[in-house]
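In what follows, a structure is listed as structure tokens, so that the remarks can point back to it.
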Amino acid sequence: MAIVETRKITKEFDGGAVKVVKDIDIKTVDGEFLVLLGPSGCGKTTLLRMIGGLEHPTSGQILIADQVVNHLPPRARQIAMVFQSYALYPHMNVKGNIAFPLKAANIDKEEQKRRVDWAAGILGIDHLLDRKPRQLSGGQRQRVALARALVREPNVFLLDEPLSNLDAQRRASARDELQRFQHEIGTTTIYVTHDQVEAMGMGHRIAVIEGGTVRQIGTPRDIYEDPADTFVATFLGSPPMNLIPRGDELIGFRPENFHLAPDGGVDSSTSLSFKLTSIREEYLGSEKLVYGELEGERTVARMAANADVPAAEGGEVTLFVDNADLRVFDRESGLRKESAPATIATGSGS
Ligand SMILES: Nc1ncnc2c1ncn2[C@@H]1O[C@H](COP(=O)(O)OP(=O)(O)OP(=O)(O)O)[C@@H](O)[C@H]1O
Ligand SMILES: [Mg+2]
């Protein structure tokens with residue numbers, strides 16, 4: 001087990017013409033499950049490949065267990081990597097595939113068998129050892145690829161969207177399995193995904209990456225409730241955080257922070273009220289999403305399915321948000337401000 005750290009790590013391609021990773025500082029906790037989350041092209045795979053030694057950083061340092069490893073080839077880093085396009089050897093059975101890296105490292109037969117049985121047991125594929133890859137489902141193949149990485153008893157796991165070729169249902173169960181397995185073996189894991197549900201559900205912490213830089217790193221709750229900027233605020237959450245411009249600020253709140261104003265009116269000292277003009281609603285069973293316009297901005301409210309909100313287009317409803325749920329961002333930079341919204345301070349709310 002080991003701590004992985006990057007110090008001001010940068011990667012440029014084409015002689016500096018494209019900078020895809022910019023001064024990234026990340027430090028895991030030992031045994032942590034750290035998720036790198038960000039949109040396509042933001043530099044996640046490049047960062048992971050540098051940690052794994054498949055790509056050389058243009059500048060900056062990579063440390064594993066407190067040792068600088070920049071000069072070490074991948075096999076000397078005690079790391080196991082599983083990529084989206086993991087390839088199993090089609091002519092070998094599952095046992096042969098899992099044992100392959102051990103054979104290559106001249107590990108004796110008995111030890112090979114012990115480790116293959118152990119990894120197959122953890123991943124629940126012990127009954128498949130004699131099958132060929134083509135006789136397996138996508139999820140089973142995925143587990144074979146993980147077992148093959150696991151037998152090397154790595155200090156660190158680097159996983160790059162390993163579940164992306166599974167269908168939604170298998171993905172959910174594979175997510176659960178993978179997390180349980182990581183918890184069991186306690187190996188520091190860096191997991192890349194562009195799927196926020198996967199990130200929120202699996203990560204001890206999430207590093208949100210955009211344009212080659214880390215926008216925020218924190219627990220799923222930190223990132224969701226206290227986003228550092230408007231990119232993070234709108235990248236996580238479905239639908240995303242509502243943002244209403246006022247003066248040189250943006251007031252942000254989650255769709256679920258809207259409440260129906262009671263008949264007696266809203267306490268303006270503890271909350272901010274808004275008039276929402278509804279445009280359409282989406283019924284989701286236990287709840288509904290009301291899409292509307294608020295101060296000229298497209299806005300979404302998540303309400304109980306039976307909430308008394310006008311469904312017809314153009315219907316108006318007064319909603320309020322508790323002050324504690326309001327987040328304020330600088331309109332120009334998008335960065336979070338610590339202050340209360342100016343609208344509350346000046347009392348010009350509702
Ligand atoms: N060898 C290369 N030469 C030039 N540009 C590259 C090279 N490898 C990657 N890039 C560019 O670097 C950027 C980041 O790529 P990277 O694969 O790290 O993104 P990603 O976050 O993993 O995206 P995705 O979610 O689509 O996998 C992209 O714009 C990509 O085109
Ligand atoms: Mg990628």
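Atoms within each ligand, like the ligands themselves, are counted from 1 in listed order.
- Closest protein heavy atom to atom 25 (O) of ligand 1: Lys44 NZ, 2.8 Å.
- With hydrogens and angles ignored, the 3.5 Å screen pairs a side-chain donor or acceptor of Lys44 with a backbone N or O of Gly38.
- With a 4.5 Å cut-off on side-chain heavy atoms, Thr189 and Leu34 do not count as touching.
- Once rounded to the nearest 0.5 Å, the distance linking CD of Glu316 with CD of Glu293 reads 11.0 Å.
- Salt bridge status for Arg215 with Glu210: present, with a side-chain N to carboxylate O gap under 4.0 Å.
- For atom 13 (C) of ligand 1, a protein heavy-atom neighbour is found at a distance under 4.0 Å.
- By the 3.5 Å distance cut-off applied to N or O atoms, Cys42 is counted among the residues near ligand 1.
- Of the candidates Asp229, Asp222, Asp226, Asp226 is the only one forming a salt bridge (charged side-chain N to carboxylate O under 4.0 Å, His left out) with Arg336.
- Interface atoms of ligand 1 facing Glu161, defined by a heavy-atom separation under 4.0 Å, are 25 (O).
- Other residues sharing the hydrophobic cluster of Leu63, ordered by chain and number and joined by side-chain separations under 4.5 Å: Val68.
- With hydrogens and angles left out, the side-chain atoms of Gln182 and Tyr191 include no donor and acceptor closer than 3.5 Å.
- Among protein heavy atoms, atom 22 (O) of ligand 1 sits closest to Thr45 OG1, 2.7 Å.
- For the Mg ion (ligand 2), the count of nearby protein N, O or S atoms, meaning those under 2.8 Å away, is 1.
- Of the listed options Gly43, Ser40, Ala17, Ser40 places a heavy atom closest to atom 24 (P) of ligand 1.
- In this structure, the protein non-hydrogen atom closest to atom 28 (C) of ligand 1 is Gly41 O, 3.9 Å.
- Within the 4.0 angstrom cut-off, atom 31 (O) of ligand 1 has no protein heavy-atom neighbours.
- Panel note: side chain Asp160, backbone Val192; no donor-acceptor pair is recorded below 3.5 Å.
- Pairing each heavy atom of Phe235 with each of Pro39, the nearest pair is CZ-N, 3.7 Å.
- Relative ring orientation between Phe100 and Tyr89 is described as tilted, the plane-to-plane angle lying within the 30° to 60° band.
- Within the structure, ligand 1 lacks Gly38 among the residues with a heavy atom less than 4.0 angstrom away.
- Contact annotation for Val20 and ligand 1: only side-chain heavy atoms (C-beta onward) come within less than 4.0 Å of the ligand.
- In this structure, atom 15 (O) of ligand 1 lies nearest to the protein heavy atom Thr46 OG1, 3.7 Å.
- Summary of contacts: the protein heavy atom closest to atom 7 (C) of ligand 1 is Phe13 CE1, 3.3 Å.
- The main-chain N or O of Glu111 is found under 3.5 Å from a side-chain atom of Asp108 such that the two form a donor-acceptor pair.
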Practice prompt. Could you walk me through whether Thr299 and Phe258 pass side chain to side chain contact (heavy atoms under 4.5 Å, CB included), step by step?
Written response: CA-CA 11 Å; Thr299 305; Phe258 267 128; 3.6 Å; yes
